[in-house]
Amino acid sequence: MKKLGIYIHLPFCEMKCAYCDFYSVAGKSKFMQRYQKALLHHIKEAAPQLGGYYIDTVYFGGGTPSFYGAERLIELFDALKKYGNVLLDSEVTLEANPDSIKKDDLVKLRRAGFNRISIGVQSANDDMLKTLGRLHNFASAQEAVKNASLAGFKNISIDLMYGLPSQSKEDWASTLTKAIMLKPDHISCYGLKLAEGTELYSFKDTPFMPDDDTQADMYLYAVETLARHGYRQYEISNFAKKGYESLHNLKYWNCEEYMSFGASAHSYVGGLRYSYVSDLELYIKNVISGEEIVDSREKIGQRERASEYLMLGLRTSRGISSEEYREIYPASFSKVEEKLKICERQGWAVHNAGRWSFTPQGFLLSNILIAQVLDAQTQLYAETAMPWNKDTEADAEQMSFLDSDIQTDTLSFVQHFDN
């Protein structure tokens with residue numbers, strides 16, 4: 001049978017972080033038990049579909065899953081094991097915040113089969129943690145990592161952020177040094193994105209924010225420093241010791257199948273991409289009553305799959321190849337390769353053993369470069385699909401519209417997975 005990843009979205013937080021634009025809710029803990037009932041019902045309903053797969057990764061994300069409670073998390077995992085074929089060596093990941101994960105809970109979770117934990121450290125500077133709206137300090141983050149190790153977790157990841165208000169290069173270097181001293185197996189480094197509607201958006205275009213050159217320097221410093229300490233970059237924002245790459249997240253980058261449960265969760269199964277309503281109470285109500293919970297759905301055809309292969313593959317150090325591309329979309333790779341050769345001359349891409357991938361400098365420009373690669377693919381599609389009028393002014397306008405549409409969809413889709 002084919003393999004499947006499972007994602008469960010737990011949107012509850014004790015307090016909303018000042019930078020967060022993902023679907024999460026604070027002050028709604030009274031809905032936890034009803035949400036749990038809805039999730040269990042949803043998983044049971046999906047049993048016939050789950051039965052056709054082996055489940056090799058499970059990811060509990062949010063929100064703050066550790067705030068949701070160990071007992072509920074274990075109950076959900078038990079339901080997956082009851083209604084699905086969860087492999088014994090599955091990677092089972094829990095996202096946790098230092099302020100909401102206790103040692104006793106970690107022991108319970110590890111005994112129940114959770115074997116990977118991702119801890120939101122974000123910064124080693126307590127003042128910056130306050131600016132971000134985090135409820136922990138760095139000392140509690142150190143304690144959380146230590147307790148996870150003592151509880152038996154052999155695969156520990158931490159999240160860090162750079163490009164924060166008033167953050168200097170020296171501040172970022174200090175955070176990286178202290179993070180490495182925690183000896184995690186995996187480190188994610190995310191540049192702060194000021195999303196409209198968040199508390200930190202008020203800092204946009206102010207002198208408090210590091211400029212683009214400073215943020216670029218921070219990123220490249222992280223790449224170099226982490227490499228020296230044995231953390232290989234395998235995706236734009238992710239670094240791991242050998243053998244500790246996130247298998248679940250690699251499903252996204254490798255265009256593999258995953259099924260999700262929970263409000264606002266996204267799935268990709270059987271060539272269909274769909275998402276659920278981003279409304280906690282509506283999700284609960286409609287799951288229990290049997291009403292519609294799907295918010296959007298899209299059938300992914302050959303061309304769309306080829307675009308996503310380019311878009312997601314170029315976010316990884318493994319990159320893409322013409323052979324793999326043609327297996328998905330039987331057409332010439334020439335225009336895509338022409339664009340990548342231009343990137344290679346600029347030092348943004350490399351070609352090795354038949355595969356194209358971006359350099360760290362290329363990763364810095366990845367949204368722009370990926371959009372240009374997709375533009376090249378669209379030009380090829382226009383030439384092969386409509387050769388009879390490809391030179392007309394009307395057709396040129398149509399292709400311009402297609403290019404713009406694809407680039408917009410690309411950036412939106414990539415940003416969804418940039419967590």
Side chains of residues 161-173: which donor-acceptor partners sit under 3.5 Å, not counting sequence neighbours?
residue: Gln167; atom: OE1; partner: Gly163; partner atom: N; Å: 2.8
residue: Gln167; atom: OE1; partner: Leu164; partner atom: N; Å: 3.1
residue: Ser168; atom: OG; partner: Glu170; partner atom: N; Å: 3.4
residue: Ser168; atom: OG; partner: Glu170; partner atom: OE1; Å: 3.4
residue: Ser168; atom: OG; partner: Asp171; partner atom: N; Å: 3.1
residue: Ser168; atom: OG; partner: Asp171; partner atom: OD2; Å: 3.1
residue: Lys169; atom: NZ; partner: Asp217; partner atom: OD2; Å: 2.8
residue: Asp171; atom: OD2; partner: Ser168; partner atom: N; Å: 3.1
residue: Trp172; atom: NE1; partner: Met218; partner atom: O; Å: 2.9

Quiz: residues 96-105 side-chain donor-acceptor pairs under 3.5 angstrom, not counting sequence neighbours:
residue: Asn97; atom: OD1; partner: Arg134; partner atom: NH2; Å: 2.9
residue: Ser100; atom: OG; partner: Ser66; partner atom: OG; Å: 2.6
residue: Ser100; atom: OG; partner: Asn97; partner atom: O; Å: 3.4

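- With sequence neighbours excluded, no residue forms a ring pair (Phe, Tyr, Trp, His ring centres under 6.0 Å) with Tyr54.
- Not counting sequence neighbours, the partners of Glu257 by the side-chain hydrogen bond (donor to acceptor under 3.5 Å, both in side chains) test are Lys2, Tyr53.
- Not counting sequence neighbours, Glu199 has no partner by the salt bridge (charged side-chain N to carboxylate O under 4.0 Å, His left out) test.
- Atom CG of Leu192 is separated from atom CD of Gln122 by 10.0 Å, given to the nearest 0.5 angstrom.
- Pairs of residues two or more places apart, or lying in two chains, that qualify as side chain to side chain donor-acceptor pair (under 3.5 Å) and include a residue from residues 137-146 are Asn137-Ser140.
- Every ring pair (Phe, Tyr, Trp, His ring centres under 6.0 Å) that Phe12 has, sequence neighbours left out, goes to Tyr35, Tyr68.
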task: Output, in order, the C-alpha distance, side-chain angles, deciding distance and verdict of ring pair (Phe, Tyr, Trp, His ring centres under 6.0 Å) for Phe114 and Phe77.
output: CA-CA 9 Å; Phe114 290 71; Phe77 187 42; 5.4 Å; yes

Side chains of residues 25-32: which donor-acceptor pairs under 3.5 Å do they make with residues two or more places apart or in other chains?
none

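- Counted by atom type alone, Glu344 and Trp356 present zero donor-acceptor pairs between their side chains at under 3.5 Å.
- Residues meeting the ring pair (Phe, Tyr, Trp, His ring centres under 6.0 Å) test with His229, sequence neighbours left out: none.
- Among residues two or more places apart in sequence or in another chain, the ring pair (Phe, Tyr, Trp, His ring centres under 6.0 Å) test is passed with Tyr276 by His42, Tyr274.
- Residue Tyr258 forms a ring pair (Phe, Tyr, Trp, His ring centres under 6.0 Å) with just one option from Tyr252, Tyr59, Trp253, and that option is Tyr252.
- Checked against salt bridge (charged side-chain N to carboxylate O under 4.0 Å, His left out), Lys285 has the following partners two or more places apart in sequence or in another chain: Glu291.
- For Arg111, there are no salt bridge (charged side-chain N to carboxylate O under 4.0 Å, His left out) partners two or more places apart in sequence or in a different chain.
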